[in-house]
Amino acid sequence: MVAMFSKGHTHVLYYFFSFSIFSLYSALVINVKNQGGEILQETIDANVTADTISLQFEKSDGTLVTQFADFKSEVQIFKVLVLGEEERGEEQFQYMCFVLRLMKADYISTDAMSKLRQKNSGTVRTPEEDKESEEHDLDMCVDLLQAHVISPHLYNICKDAKEMTFARENDLKTIAKGGQVDPNYFLKATHKCPSTGAHPRCKDVVDWLQPCTCQYRVCINWYPCGLKYCRGKDSTQKVVSYRCGIKTCKKCHLMNYYIKQKSQCLWDE
């Protein structure tokens, strides 16, 4: 068994390279401070066999956020459970799913993630890099009964968001091209949503029953976004490079999508 430790900011995170010690499915619980100073607890699961990583946390208002990365399908799924405010006439809770193309270079592999451990589980962490936010116009509504063609995990993750699962046509075409698949194979699992550009933002709408373009902000406040390498010498005094830590990042996504009435988007004010 070989253990390698990083220096500096990430010295509390390290790798074990012996598969006999840990199973191929592992969870890491991280305490994270968000921009508002709140402490959130992220649970990160890496499944090497399925080649997937799941990150989940609960916000102080009870909102539950899940980010699921499917490396084989090159798809990432954001699932959000928002609790309603009964005094405002909102539904008790609401599920939403946003399906985006996964950029593999933005994350460490499931193999590397499964080997990641922390020495001090009580440490509160902040990311090393705050990546630029991305805004997404989600123009496709996903038919979950056909969603397996996009990702075999999509239905099970988003089954509670049957009419609130959205994707981008350009993403699906790009994924299909990379996998040498006919884009129509993916697109058959979707249909065009009403255009976000043809409807006002919900924050500008007064009538709760009027259709509008909702915007939801999803922020992942801490996640491993790259590996760090150290240099040393082996037994023959030859200089070698080895993995010795991780780089951590924060990233926010602004999701724009059509909804039938403003009452489904009262946070966008």
Side-chain angles (χ1 to χ4, degrees), residues 32-43 54-68 75-100 130-144 147 154-169 171 190-223 250-269:
V32 180
K33 181 180 288 187
N34 67 13
Q35 192 170 7
E38 298 174 323
I39 306 301
L40 308 175
Q41 192 171 77
E42 293 183 355
T43 300
S54 175
L55 183 154
Q56 186 175 85
F57 62 92
E58 183 177 345
K59 298 168 65 175
S60 60
D61 63 0
T63 299
L64 189 63
V65 177
T66 302
Q67 180 190 28
F68 186 89
V75 166
Q76 62 177 325
I77 304 164
F78 294 89
K79 178 182 177 181
V80 181
L81 168 60
V82 179
L83 301 182
E85 299 181 30
E86 292 184 9
E87 63 273 16
R88 302 183 64 187
E90 297 178 19
E91 296 181 6
Q92 186 175 3
F93 54 84
Q94 183 178 177
Y95 286 96
M96 300 166 290
C97 270
F98 310 107
V99 183
L100 302 175
D130 190 345
K131 287 182 170 288
E132 184 177 355
S133 297
E134 287 189 42
E135 188 166 356
H136 312 281
D137 290 325
L138 298 149
D139 55 348
M140 306 299 288
C141 295
V142 178
D143 177 1
L144 289 178
L154 186 49
Y155 177 83
N156 285 336
I157 294 171
C158 298
K159 60 185 177 183
D160 294 315
K162 292 181 180 179
E163 296 183 2
M164 296 288 283
T165 299
F166 306 94
R168 299 196 306 176
E169 183 175 6
D171 279 350
T190 65
H191 62 271
K192 274 284 189 182
C193 297
S195 172
T196 56
H199 295 83
R201 274 281 300 278
C202 293
K203 68 182 182 67
D204 299 321
V205 171
V206 176
D207 185 354
W208 283 18
L209 300 180
Q210 182 177 332
C212 53
T213 296
C214 186
Q215 183 176 93
Y216 192 85
R217 181 183 182 90
V218 181
C219 290
I220 306 300
N221 291 287
W222 187 99
Y223 68 95
K250 169 190 174 182
K251 187 163 187 176
C252 294
H253 299 266
L254 298 175
M255 311 295 190
N256 299 321
Y257 57 99
Y258 168 84
I259 58 169
K260 296 179 180 179
Q261 54 189 39
K262 178 179 177 172
S263 61
Q264 297 173 301
C265 184
L266 294 182
W267 56 81
D268 190 12
E269 296 179 332

Check: Of all heavy-atom pairs between Pro200 and Gln210, which one has the smallest distance, and what is that distance?
Finding: CG-NE2, 4.0 Å
Notebook entry, point to check: Do Thr165 and Val99 have side-chain heavy atoms sitting under 4.5 Å apart?
Noted result: yes
Next item on the list: With the side chain counted from C-beta on, respond yes when Val32 and Phe57 share a heavy-atom pair under 4.5 Å apart, and no when they do not.
Entry: no
Check: With a 4.5 Å limit on heavy-atom distance, are the side chains of Val75 and Leu154 in contact?
Finding: no
Check: Would you say the side chain of Leu266 lies within less than 4.5 Å of the side chain of Lys262, judging by non-hydrogen atoms?
Finding: yes
Notebook entry, point to check: Within a reach of under 6.0 Å around CD of Glu163, are more than 12 heavy atoms found that belong to other residues, nucleotides or ligands?
Noted result: no
Check: Could you give the distance from CG (Leu144) to OG1 (Thr190), rounded to the nearest 0.5 Å?
Finding: 11.5 Å
Margin query: Tell me whether Glu135 contacts the main-chain N or O of Asn256 through its side chain, where contact means a donor paired with an acceptor under 3.5 Å.
Written below: no
Margin query: Distance check, rounded to the nearest 0.5 Å: Ser263 atom OG versus Leu209 atom CG?
Written below: 6.5 Å
Margin query: Can you confirm whether Val80 sits close enough to Thr63 that some side-chain heavy atom of one is under 4.5 Å from a side-chain heavy atom of the other?
Written below: yes
Margin query: Could you report the tightest heavy-atom contact between Gln35 and Asn221, atom names first, then the distance?
Written below: N-OD1, 4.3 Å
Notebook entry, point to check: Is it true that the SG atoms of Cys214 and Cys202 are less than 2.5 Å apart?
Noted result: no
Next item on the list: Quickly, which of Asp160, Val65, Leu64 forms a side chain to side chain contact (heavy atoms under 4.5 Å, CB included) with Lys79? Name it, please.
Entry: Asp160
Item checked: Residue among Arg217, Lys251, His253 satisfying side chain to side chain contact (heavy atoms under 4.5 Å, CB included) with Ser133 -> Arg217
Next item on the list: I would like to know whether Leu138 and Leu100 meet side-chain contact (heavy atoms from CB on, under 4.5 Å); could you show each step before the answer?
Entry: CA-CA 9 Å; Leu138 298 149; Leu100 302 175; 3.9 Å; yes
Next item on the list: Could you tell me the separation between the OG atom of Ser195 and the CG atom of Asp137, rounded to the nearest 0.5 Å?
Entry: 8.0 Å
Item checked: Over all atoms of both residues, closest heavy-atom pair of Cys97 and Ile157 -> SG-O, 4.4 Å
Next item on the list: Output yes when a side-chain donor or acceptor of Thr213 lies under 3.5 Å from a complementary backbone atom of His199, and no otherwise.
Entry: yes
Next item on the list: Give me the ring orientation class for Tyr257 and Phe98: parallel if the planes are under 30° apart, tilted from 30 to 60°, perpendicular past 60°.
Entry: tilted
Checklist line | Results of side-chain hydrogen bond (donor to acceptor under 3.5 Å, both in side chains) for Glu58 - residues two or more places apart only | finding: none
Check: Counting only heavy atoms not in Lys159, do more than 12 fall under 6.0 Å of its NZ?
Finding: no
Margin query: Show the nearest heavy-atom pair for residues Lys131 and Tyr223, with the distance to one decimal.
Written below: CD-OH, 3.4 Å
Next item on the list: Rounded to the nearest 0.5 Å, what's the gap from CG on Leu81 to OH on Tyr95? Could you check?
Entry: 4.5 Å
Checklist line | Test applied, ring pair (Phe, Tyr, Trp, His ring centres under 6.0 Å); reference residue, Tyr216; option that passes from Trp267, Phe166, Phe78 | finding: Trp267
Next item on the list: With sequence neighbours left out, write down each residue that passes salt bridge (charged side-chain N to carboxylate O under 4.0 Å, His left out) with Glu38, or none if nothing qualifies.
Entry: none
Notebook entry, point to check: Under 2.5 Å between the SG atoms of Cys265 and Cys212?
Noted result: no
Check: Hey, what do you get for CD (Gln41) to CD (Gln56), rounding to the nearest 0.5 Å?
Finding: 11.0 Å
Notebook entry, point to check: Can you tell me if Asn34 uses its side chain to pair, donor with acceptor, with the backbone of Leu40 under 3.5 Å?
Noted result: no
Next item on the list: Applying salt bridge (charged side-chain N to carboxylate O under 4.0 Å, His left out), name anything that partners Asp171, two or more places apart in sequence or on another chain.
Entry: Arg168
Check: Is there a side-chain contact between Lys203 and Gln215 (heavy atoms, below 4.5 Å)?
Finding: no
Margin query: Please find the pair of heavy atoms, one from Ile77 and one from Cys158, that lie closest to each other, and give the distance.
Written below: CG2-SG, 3.7 Å
Notebook entry, point to check: Where do Leu55 and Trp222 come nearest, in terms of heavy atoms and distance?
Noted result: CD1-O, 3.7 Å
Checklist line | More than 12 heavy atoms from other groups under 6.0 Å of OH on Tyr258 | finding: yes
